[in-house]
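In what follows, a single structure is set out as structure tokens and then discussed.
Starting from 1, each residue takes its place in the sequence as its number.
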Amino acid sequence: MAHMRLGTNLPKVGSYNRAVVLEAIQASDGISRVQIAARTRLTAQTVSVIVRRLLEEGLVVEDGSVPSGGGKPRTILRVDPDAGYAIGVHFDPEEISCVLADLAGRPVERLRRPVRPGLEPEAVIRQMARAARRILREAGVADGKVLGVGLACPGPLDGDGVMVSPPRLPAWDQVPIKGLLHEHTRFPVTVDNDATAAAIGERWAGIARTTPSFAYLYLGTGIGGGIFLDNQVYRGRSLNAAEFGHITLEPDGPECYCGNRGCVEAVCCPSAIEAAMGGRVSHKAVCAAAAKGEPEARRVIERVAERLADAAVSVVNMLDIDLLVLGGPALREVGELYREVIARAVSTRTLARRLHAVRVETSPIAADAAAIGAASLVFHATYAPRLGALLSD
């Protein structure tokens, strides 16, 4: 099982090893202590001590046993899904989506609310807090069971959860979104870029559960990305890595707000698709028409898919990954069309194609991936400190 994180026998890593063990239990559908030790390369004694503590805390339960090859039967361990919950909030400029996830990563309840155009940032944040309250009420989950709120929102974000000149939300510059959401919900808040959160959601509850290295191409109001390399999410120096939307496709193309010309985002985002149709129809209507095979709409979407494929080939060549996932709210009914065009390009035009095939898939949880990822951030912050952070203090 090369895709699992491995434990380490250095000092100061008790909490890291505990996270590794919890992750091994979470990722499996029932696992014994012996299997945990084999997968994490921790000693049987270390695993035993950690499991005892996880059982005492009620995070993990013993659930039957299986015969072993001689000797006494092995006890099977599972995560207790009801041991804790996290609220995931995804703030897209057009809508707020909210999920309540249990400790096993399953969304227990979902909620969506449109954002009224022109609302002040604080009013929108109050709307997020109301959605969080409501989802708890509907699920009948007590506040004491909630470990926190995870928030996925458009970047760039600084280390304190303050939005810094988000390109499509000029009114949100310098809004301390993390602090304000904490103030209005009274829960601890963890925040991340929406595309990175969607990649984390895919890793946790979608098709990338067992893939060590993959890239997520996020199609929303803008275009972003997320990267997992060797089982770790890669966030970059300023937490804003994987801006796939700003790979240049057309050097003489339209100007992009980032200062570049002909970026993926400038050529492929929903507003560019509307412009290509002469500004007569909405992005939603273009996608619906293309899905039905209407020639003009189909031509526009296919051209955008070809441009996205050019960017995807660059990403695959640079990162040498196993999987490229397409997701985000702008996929609508044309996800399969995008997938076919991009898969064809990746299988015929990437350098290492003879060495290994790269899968291109549309996200099965596309609509909720960022909100699910945001919820899982809470569990990760609570139970899975990063090894780098532990060793640097």
Side-chain angles (χ1 to χ4, degrees), residues 90-97 112-119 124 152-155 166-172 193-195 197-198 216-226 243-247 249-250 253-258 260-312 324-342 360 362-371:
H90 176 203
F91 166 42
D92 180 82
E94 289 177 13
E95 76 169 1
I96 290 163
S97 25
R112 286 218 172 87
R113 290 280 174 274
V115 175
R116 273 214 325 277
L119 273 187
V124 178
C153 67
R168 293 173 181 278
L169 294 164
W172 288 73
N193 176 298
D194 49 10
Y216 190 101
L217 184 57
Y218 178 86
L219 308 171
T221 309
I223 292 175
E243 283 291 0
F244 300 148
H246 299 283
I247 295 171
L249 295 176
E250 300 174 359
E255 275 185 29
C256 180
Y257 58 77
C258 74
N260 217 334
R261 294 189 82 91
C263 288
V264 174
E265 188 162 310
V267 177
C268 301
C269 72
S271 56
I273 290 172
E274 289 170 353
M277 291 291 286
R280 302 184 309 278
V281 277
S282 70
H283 175 250
K284 202 171 180 173
V286 181
C287 292
K292 289 197 189 80
E294 197 277 307
E296 191 188 0
R298 186 139 185 139
R299 251 197 321 278
V300 166
I301 293 291
E302 277 176 351
R303 177 169 166 73
V304 165
E306 293 288 355
R307 296 283 77 84
L308 284 171
D310 292 339
L324 180 68
V325 183
L326 311 176
L331 277 183
R332 301 201 191 271
E333 303 100 314
V334 290
E336 189 46 35
L337 212 154
Y338 283 148
R339 195 198 68 76
E340 280 173 18
V341 174
I342 292 170
V360 178
T362 49
S363 163
I365 56 166
D368 296 310

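Separation of atoms CD1 (Ile301) and CD (Glu333) is listed at 9.5 Å; rounding is to 0.5 Å. A distance of 8.0 Å separates OG1 in Thr221 from CG in Leu169, rounded to the nearest 0.5 Å. Rounded to the nearest 0.5 Å, atoms CG (Leu217) and CD1 (Ile342) are 6.0 Å apart.
Checking side-chain atoms of Glu265 against main-chain N and O of Ile223 turns up a donor-acceptor pair under 3.5 Å. Of the possible polar contacts, none joining the Glu243 side chain to the His246 backbone as a donor-acceptor pair under 3.5 Å is found. When atom types are taken as modelled, the side chain of Arg332 and the backbone of Ala288 share no donor-acceptor pair closer than 3.5 angstrom. Glu274 contributes no side-chain N or O that, together with a main-chain N or O of Ser282, makes up a donor-acceptor pair within less than 3.5 Å. Counting only distance, with no hydrogens or angles, the side chain of Arg261 and the backbone of Gly253 share a donor-acceptor pair below 3.5 Å.
Residues Val264 and Leu308 are in side-chain contact: their nearest non-hydrogen atoms beyond the backbone lie under 4.5 Å apart. Between Val124 and Ile96, the closest side-chain pair of non-hydrogen atoms falls below 4.5 Å.
The two residues Pro270 and Ala330 have their closest heavy-atom pair at CG-CB, 4.0 Å. Between Ala309 and Val341, the shortest heavy-atom contact is CB-O, 4.1 Å.
Taking the charged nitrogens against the carboxylate oxygens, Arg303 and Glu250 do have a contact shorter than 4.0 Å, which makes a salt bridge. Salt bridge absent: Glu302 and Arg299 never bring a charged side-chain N and a carboxylate O closer than 4.0 Å. A salt bridge links Asp368 to Arg112: at least one charged side-chain nitrogen sits closer than 4.0 Å to a carboxylate oxygen.
Using the six-membered ring where Trp is involved, Tyr218 and His90 have ring planes that are perpendicular, over 60° apart on the 30 and 60° scheme.
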